[in-house]
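What you see is a predicted model; the values in this text were computed from it and never measured.
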Amino acid sequence: MNAAIQTASAQTTANDAQTYDLIVLGSGAAGFAAAATAACRGLKVLIVEKAATFGGTSAISGGAIWLYGTDQARAAGAKDSPEAMRSYLQHVIGNGYDPALVDTFIERGHEALRWLQDNTELSYSLRPHSPDYYPDAPGGTERGRALEIDEYDGNRLGEHFARLRMPPPGMLLFGGMMVNRVDIQHFLSFRRSPASLWHCIKLMSRYALDRLHHPRGTRLTTGNALIARLATSAFAKGVELWLESHAQALIIEDGAVRGARIIRDGRTLEVRSRGGVVCAMGGFAASAMAAEFRPPSHDPHLTMSPPGNVGDALHLGAAANAAAGEGLAANFFWAPVSEAVHANGERERFPHLVTDRAKPGVIAVNQAAQRFVNESNSYHHFVQTMFATGNTHCWLICDATAMSRYGMGLARPSPVDNSALVASGYLVQGESIEQLAQAIGLDPLTLRQTLERYNSDAREGLDRAFGKGGNSYNRYMGDPAHRPNPCLAPLERGPFYAIAIHTGDLGSARGLRTDRHANVLDKHGEPIEGLYASGNDMNSIMDGTYPGPGITLGPGLTFGYIAATHVAERLASRVQTSKE
């Protein structure tokens with residue numbers, strides 16, 4: 001059967017077309033991992049996606065995964081062990097540590113990646129140096145667990161490329177060019193390094209050629225490359241994708257899930273599944289009920305989750321008496337987020353993950369005009385500190401030197417003109433630090449004193465107040481060419497700039513409780529036949545903590561693979577039993 005994206009207006013006629021071996025709800029990395037695994041094992045698979053594009057949150061993510069013992073890590077000679085991984089996760093996760101699920105993740109994560117790379121176009125490379133987010137904790141590592149998705153040619157998707165979810169403009173260059181972590185460093189260094197200049201020239205040349213035929217660049221990186229790689233393989237194996245469709249209810253018979261009622265083209269279709277249903281719809285971070293599971297805030301909280309991520313899995317699972325996670329360390333994966341309102345009224349959000357907070361010459365201050373956090377710690381930790389200190393919003397501040405070299409938020413480094421962002425109020429500018437303080441409503445004298453204390457330390461390369469640049473992860477996120485501390489430089493040269501930062505998130509951590517097969521559990525702890533969950537619909541095995549880069553996508557790929565494998569094995573067992 002040829003793969004095809006079926007539009008909402010397509011008609012389904014034969015009753016057989018309404019029966020599949022597996023139904024996957026959601027088209028992010030976890031969903032496509034399940035679909036591709038099942039299809040490669042010979043199953044007939046349907047993906048149901050609520051949005052008009054596929055890829056979900058995964059498509060706009062960094063695309064990194066965090067796993068133990070991959071072939072890439074072993075080939076590079078990275079030193080690690082299951083005991084070290086367990087020790088690290090026990091330390092970071094704390095009371096929510098689930099030995100059975102963590103052991104499954106450790107034992108089968110590298111198996112899942114190897115299988116997917118052998119049977120699909122998925123391809124990852126080890127980051128040469130990428131410390132865990134708490135590198136000094138017991139079991140922490142400097143490298144070996146974080147892998148980067150390899151870039152991909154979007155032309156391989158053919159007609160489906162137009163339906164791949166496009167990252168927000170603020171995450172692209174020149175209106176449509178994707179870049180990864182390595183590319184960003186080259187762009188920041190092109191004036192200092194001939195090699196970086198040549199790298200940038202090659203990227204821009206390809207992008208210019210792409211725009212002759214496409215509305216954006218076809219060189220895909222980060223999460224777009226991840227989804228495109230899995231999707232290309234899934235479509236080639238006959239996976240069907242219904243866009244602008246969603247599950248109204250599960251079909252439950254004798255306590256087992258036998259399919260779903262799907263709303264498509266204004267009609268409700270009863271779609272049967274021999275093997276069951278995988279929930280991979282991205283969690284509930286964009287729902288109204290999300291506020292119930294966050295610390296109280298009087299300030300806007302900005303999620304990066306797509307509008308459709310409203311907790312459908314929790315609602316569907318409730319009818320099957322499914323259990324949801326309780327008492328997590330955090331119900332969301334936090335990230336500081338800023339938001340611009342453009343001249344046409346459109347709102348654009350930017351997650352401050354890797355490009356600015358840790359850079360030299362950038363600090364964060366609260367409404368009292370004082371620093372309150374190590375700006376180079378992980379984005380999750382940064383927002384945890386915002387909540388813990390009562391700072392539901394704060395300001396990122398930099399000077400002209402830092403702006404020119406690194407940019408900040410949606411503002412780009414030199415020679416880009418950021419005047420439109422200044423005019424919109426997103427980027428606040430002041431010729432002196434006192435003028436900037438007045439513009440953002442802070443006490444000028446206090447901000448001046450904060451800056452003087454910070455600058456004195458920065459000149460020595462030592463942040464005595466909060467330890468910015470104090471561990472290997474901090475320094476990894478800074479500017480490796482800056483000495484003596486890659487994260488510290490005084491703010492001295494005007495004009496000075498500020499951006500308002502709000503608490504935000506990358507998605508929800510609370511989801512349906514599962515066993516080691518990704519089989520959803522009922523409220524008595526028993527598996528519900530035919531119901532699976534992965535990605536952010538699965539209750540986080542990290543308990544809402546954030547140990548390293550890719551700790552959502554790593555488990556998402558792993559348990560998507562595990563769910564589909566379990567379904568395939570169950571169906572094969574049925575066939576064998578019937579023959580006997």
Side-chain angles (χ1 to χ4, degrees), residues 127-137 140-143 146 181-182 184-193 196 336 352-366 369-386 389 394-409 411 413-414 433 447-494 496-499 501 546 548-549:
R127 285 183 177 176
H129 177 67
S130 184
D132 297 332
Y133 285 177
Y134 304 93
D136 298 328
T141 62
E142 297 294 317
R143 67 171 188 143
R181 180 183 54 86
V182 174
I184 291 171
Q185 193 58 50
H186 279 299
F187 272 101
L188 293 177
S189 305
F190 79 92
R191 285 173 291 181
R192 296 175 282 173
S193 164
S196 291
H352 295 255
L353 307 182
V354 301
T355 58
D356 51 23
R357 292 179 296 106
K359 297 297 188 288
V362 179
I363 63 170
V365 299
N366 58 20
Q370 297 174 338
R371 290 179 68 217
F372 64 95
V373 66
N374 177 343
E375 296 91 347
S376 57
N377 278 341
S378 77
Y379 35 93
H380 185 78
H381 187 272
F382 187 97
V383 174
Q384 281 182 314
T385 305
M386 288 181 70
T389 55
C394 63
W395 296 91
L396 272 191
I397 294 176
C398 75
D399 72 348
T401 300
M403 177 61 72
S404 177
R405 288 180 180 172
Y406 315 112
M408 191 166 66
S414 177
I433 199 65
L447 185 58
R448 167 59 68 184
Q449 292 170 341
T450 295
L451 215 60
E452 288 174 350
R453 285 192 296 270
Y454 168 81
N455 285 351
S456 177
D457 279 357
R459 293 185 189 99
E460 298 180 41
L462 179 65
D463 178 15
R464 293 178 175 84
F466 296 98
K468 185 178 183 183
N471 64 37
S472 59
Y473 171 72
N474 287 181
R475 295 187 290 274
Y476 168 72
M477 298 304 296
D479 179 355
H482 183 78
R483 296 290 185 271
N485 187 323
C487 302
L488 293 179
L491 284 72
E492 297 176 313
R493 186 167 70 91
F496 298 88
Y497 299 92
I499 293 175
I501 303 294
Y546 220 114

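Here the CG-CG distance, from Leu451 to Leu491, works out to 5.0 Å after rounding to the nearest 0.5 Å. The structure places NE2 of His352 at 3.5 Å from CD1 of Ile501, a figure rounded to the nearest 0.5 Å. Taking NZ of Lys359 as the reference point, atom NZ of Lys468 lies at 9.5 Å (rounded to 0.5 Å). Annotation: the span from Tyr476 atom OH to Asn471 atom CG amounts to 13.0 Å, rounded to 0.5 Å. How far CD of Glu375 is from CG of Asp463: 7.0 Å, rounded to the nearest 0.5 Å. To the nearest 0.5 Å, the span separating CG on Asn455 from OG1 on Thr450 amounts to 10.5 Å.
One N or O on the side chain of Asp399 and one on the backbone of Glu492 form a donor-acceptor pair closer than 3.5 Å. Asp457 places a side-chain N or O within donor-acceptor distance of the main-chain N or O of Arg464, the cut-off being under 3.5 Å. Between the side chain of Asp132 and the backbone N or O of Tyr134, no donor-acceptor pair lies under 3.5 Å. The closest donor-acceptor contact from the side chain of Asn366 to the backbone of Ala369 lies under 3.5 Å.
For Arg405, the CZ atom counts as loosely surrounded, since its 6.0 Å shell holds 12 or fewer non-hydrogen atoms of other residues, nucleotides or ligands.
Here the two rings, on Tyr133 and Tyr379, have centers that are under 6.0 Å apart.
Side-chain atoms of Pro131 and Glu142, non-hydrogen and from C-beta on, do get closer than 4.5 Å to each other. Side-chain atoms of Asn485 and Leu462, non-hydrogen and from C-beta on, never get closer than 4.5 Å to each other. For the pair Met408 and Met403, the minimum side-chain heavy-atom distance is below 4.5 Å. Side-chain contact between Tyr473 and Asp136 is absent, with no heavy atoms from C-beta onward closer than 4.5 Å. Ile397 places a side-chain heavy atom less than 4.5 Å from the side chain of Val365. Taking the side chain as every heavy atom from C-beta outward, Thr385 and Asn374 never approach each other to under 4.5 Å.
Taking the ring axis of Phe382 as reference, the NZ or CZ atom of Arg357 stays within 45° of it and closer than 6.0 Å to the ring centre.
Minimum interatomic distance between Ala402 and Pro360 (heavy atoms only, all atoms of both residues): CB-O, 3.7 Å. The two atoms that bring Gly461 and Pro484 nearest to each other are CA-CG, 3.8 Å, heavy atoms only. The two atoms that bring Asn377 and Asn474 nearest to each other are OD1-ND2, 3.1 Å, heavy atoms only. Nearest heavy-atom pair, Tyr454 versus Gly361, reported as atom, atom and distance to 0.1 Å: OH-N, 4.1 Å. Nearest heavy-atom pair, Tyr406 versus Asp479, reported as atom, atom and distance to 0.1 Å: OH-OD2, 2.7 Å. Between Ser130 and Pro549 the shortest heavy-atom distance is OG-CG, 3.9 Å.
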